[in-house]
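One structure below.
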Amino acid sequence: MNTASAQQVEASKYQASTTKSISGRVHHLNTVEATADSLAKAYIKAGHAPGLTIAIAHKGETVFVRGYGIADVEMGVAAGPETVYKIGSITKQFTAATIMRLVEAGKISLQDSITQYLPAYPAQGHHITIHHLLNHTSGIKGYRALAEENRQRFRQDLTYDEMVELFGKQPLDFKPGEKYAYNNTAYYLLAEIISRVTGTPWADYVERELLQPLGLTKTVYCNEARIIPNRAEGYEFEKNKLQNARYLSMQIGSGAGALCATAGELVRWSYLLHTGKVVSPKALAQMTTPTVLMSGDTVGYGYGLQLDELNGHWQVFHGGGANGFVTALAHYPDSDLSVAVLTNSGKGNPGQIVKALAREALGVQVHDLPLTPQAIARYAGTYTYQLKQGTRELLVFGENGQLKAQFVGGRPFRLLYQGNHAFIPSIDEDERLVFRTRNNLAESIKHQEGRWDVTIALRKPGNPDQTTSQEVKATN
């Protein structure tokens with residue numbers, strides 16, 4: 001931030017904000033405000049981004065929106081509630097919703113082959129459907145997997161034929177429906193399908209038929225040549241030095257990540273989507289249904305939406321990354337709460353701020369209940385994970401009246417007791433370890449990193465009391 005004057009930085013520390021106190025609608029609004037201020041200022045101080053904007057909405061009404069730091073470092077423009085950011089892959093839910101509206105209108109079917117609309121696409125003998133594109137199970141080669149010389153061309157406004165020439169002839173990574181692999185290419189193709197079905201370019205159609213009727217006038221196609229009021233500049237860090245982000249064509253981003261928006265409009269969009277104002281309840285249910293693979297495994301992704309839970313609260317989430325921007329948007333249907341954090345740097349993780357604010361607003365507490373020496377002895381031991389890449393061991397031990405754990409070769413961390421044999425690691429509140437006991441001794445751990453990402457670790461035979469902090473420290 002040494003590129004902005006001290007006066008500009010000081011002026012930006014506490015920007016204009018909109019806050020509404022609505023009794024009974026959110027938990028501890030004043031605490032949420034304080035948490036937002038603290039997290040945002042720490043994020044900027046840590047050098048993750050020059051600026052960011054946070055918005056929180058409950059039941060469709062924005063209860064908090066505030067900007068922090070600098071939206072344009074060269075001009076010294078402060079970030080505020082009206083700052084417009086590139087939202088990256090959050091765009092995907094807008095593309096998915098547009099597809100579902102076309103499905104409801106009878107213009108396409110989820111089970112249609114993509115070659116029905118893109119007849120020259122080289123499907124290589126595979127039946128790739130609209131459904132496969134929406135939930136990232138098509139097997140089509142993704143942008144990120146292309147060779148560097150091909151990715152360099154993304155600075156050009158490539159045509160559809162030029163794009164397909166880059167990735168369409170690449171062998172599929174797997175058979176459609178067999179696996180899940182996050183894929184920007186799939187949403188590029190969905191945008192092309194929308195254009196061909198409607199006879200209107202994707203960007204024009206989404207703005208005219210989806211965004212404008214919903215009153216989302218500040219959510220727009222983020223073409224670099226376009227004049228967009230209050231647009232933030234994007235930045236990157238090169239050897240810890242702030243610099244302008246490199247150019248990337250939004251034409252090749254299209255349905256995968258080419259929209260801009262304000263934080264306030266994103267939380268408004270989230271409310272409209274989840275209350276039937278965008279697509280029907282049936283279509284929304286399809287968008288928020290987890291993907292089931294051929295193997296029967298479940299993946300926490302629907303159509304343009306990541307599905308998980310946050311401390312027992314159902315969470316519909318998506319992050320976004322564009323050149324010089326990282327963003328996050330989450331909705332909690334059980335409480336009708338939406339949180340958005342938009343930043344103007346490719347560094348950092350605004351999703352962590354979203355989750356922290358959601359926990360505060362939802363009144364979620366991470367407990368740290370006391371443990372007796374007998375309880376600590378019950379859980380202490382060595383547990384083995386059987387993973388595809390081999391085995392991994394977790395050492396669980398008592399130290400100074402606390403239960404701690406450490407993966408072999410890693411650093412120890414506390415296990416915070418939540419009751420009923422459940423613990424949360426102090427290093428990641430999104431994870432949960434539940435011990436299964438028999439005869440007052442733990443025999444396994446169910447390690448949850450999300451609703452569907454569950455791993456079982458089994459206790460190694462032996463006396464658990466032999467696992468001590470000294471032994472664990474000796475493994476480093």
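Below, all heavy atoms of this structure are taken into account, side chains as well, without hydrogens, waters or symmetry copies. Computed from a predicted model, the values in this text were never measured in an experiment.
Asp430 pairs with exactly one of Glu309, Glu449, Gln352 by the side-chain contact (heavy atoms from CB on, under 4.5 Å) rule, that one being Gln352.
Residue Lys347 qualifies as enclosed at atom NZ: its count of foreign heavy atoms under 6.0 Å is above 12. Residue-environment remark: CZ (Arg392) stays at or below the threshold of 12 foreign heavy atoms within 6.0 Å. Residue-environment remark: NZ (Lys460) stays at or below the threshold of 12 foreign heavy atoms within 6.0 Å.
At a threshold of 4.5 Å between non-hydrogen side-chain atoms, the residues Leu190 and Ile130 count as touching. Counting heavy atoms from C-beta outward, Tyr379 and Leu415 have side chains that stay 4.5 Å or more apart. Using a 4.5 Å heavy-atom cutoff, the side chains of Tyr180 and Asn135 are not in contact. Two residues are said to be in side-chain contact when any heavy atoms from C-beta on lie closer than 4.5 Å; Ile427 and Arg411 fail this criterion.
Between Asp173 and Ile140, the shortest heavy-atom distance links the atoms OD2-O, 4.3 Å. Closest of all the heavy-atom pairs between His318 and Tyr182 is CE1-OH, 3.2 Å.
Checked by atom type, the side-chain pair His274/Tyr332 shows no donor-acceptor distance below 3.5 Å. Remark: the Tyr303 side chain and the His131 side chain contain an N/O donor-acceptor pair separated by less than 3.5 Å. For Arg246 and Asn323, the side-chain atoms include no donor-acceptor pair closer than 3.5 Å. A donor-acceptor pair shorter than 3.5 Å cannot be found between the side chains of Thr327 and Tyr85. No side-chain N or O of Thr137 forms a donor-acceptor pair with one of His132 less than 3.5 Å apart.
At distances below 3.5 Å, at least one donor-acceptor pair connects side-chain atoms of Thr35 with backbone N or O atoms of Thr31. In this structure a side-chain-to-backbone donor-acceptor pair under 3.5 Å is missing from Ser138 to Leu133. A donor-acceptor distance shorter than 3.5 angstrom exists from the side chain of Asn344 to the backbone of Ala71, with no hydrogens or angles considered.
Electrostatic pairing of Lys218 and Glu265 does not count as a salt bridge here, judged by no charged N lying under 4.0 Å from a carboxylate O. Between Lys179 and Asp297 there is no salt bridge, since none of the side-chain N atoms of the basic residue sits less than 4.0 Å from a carboxylate O of the acidic one. A salt bridge does not link Glu429 to Lys355: none of the charged side-chain nitrogens sits closer than 4.0 Å to a carboxylate oxygen.
To the nearest 0.5 Å, the span separating CD on Gln93 from CH2 on Trp269 amounts to 6.5 Å. In this structure, the separation between CG on Leu259 and CD1 on Ile87 is 5.0 Å, given to the nearest 0.5 Å. Here Ile353 contributes atom CD1 and Thr343 contributes atom OG1; the two are 8.0 Å apart, rounded to the nearest 0.5 Å. How far CG of Leu357 is from CD1 of Ile56: 5.0 Å, rounded to the nearest 0.5 Å.
Stacking of Lys92 on the aromatic ring of Tyr187 is recorded, both the 6.0 Å distance cut-off and the 45° axial limit being met.
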Could you give me the CA-CA distance, side-chain angles and deciding distance for Tyr43 and Tyr68, then say whether ring-ring contact (aromatic ring centres under 6.0 Å, His included) is met? CA-CA 10 Å; Tyr43 196 89; Tyr68 303 83; over 10 Å; no
CA sep, side-chain torsions, deciding dist, call: Gln286, Leu110, side-chain contact (heavy atoms from CB on, under 4.5 Å): CA-CA 10 Å; Gln286 289 175 294; Leu110 293 173; 3.5 Å; yes
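Aromatic rings of Phe435 and Tyr383 (six-membered ring for Trp) have centroids within the 6.0 Å cut-off, being under it.
In this pair, Tyr385 and Phe407 present their aromatic rings tilted. The plane angle is within the 30 to 60° band.
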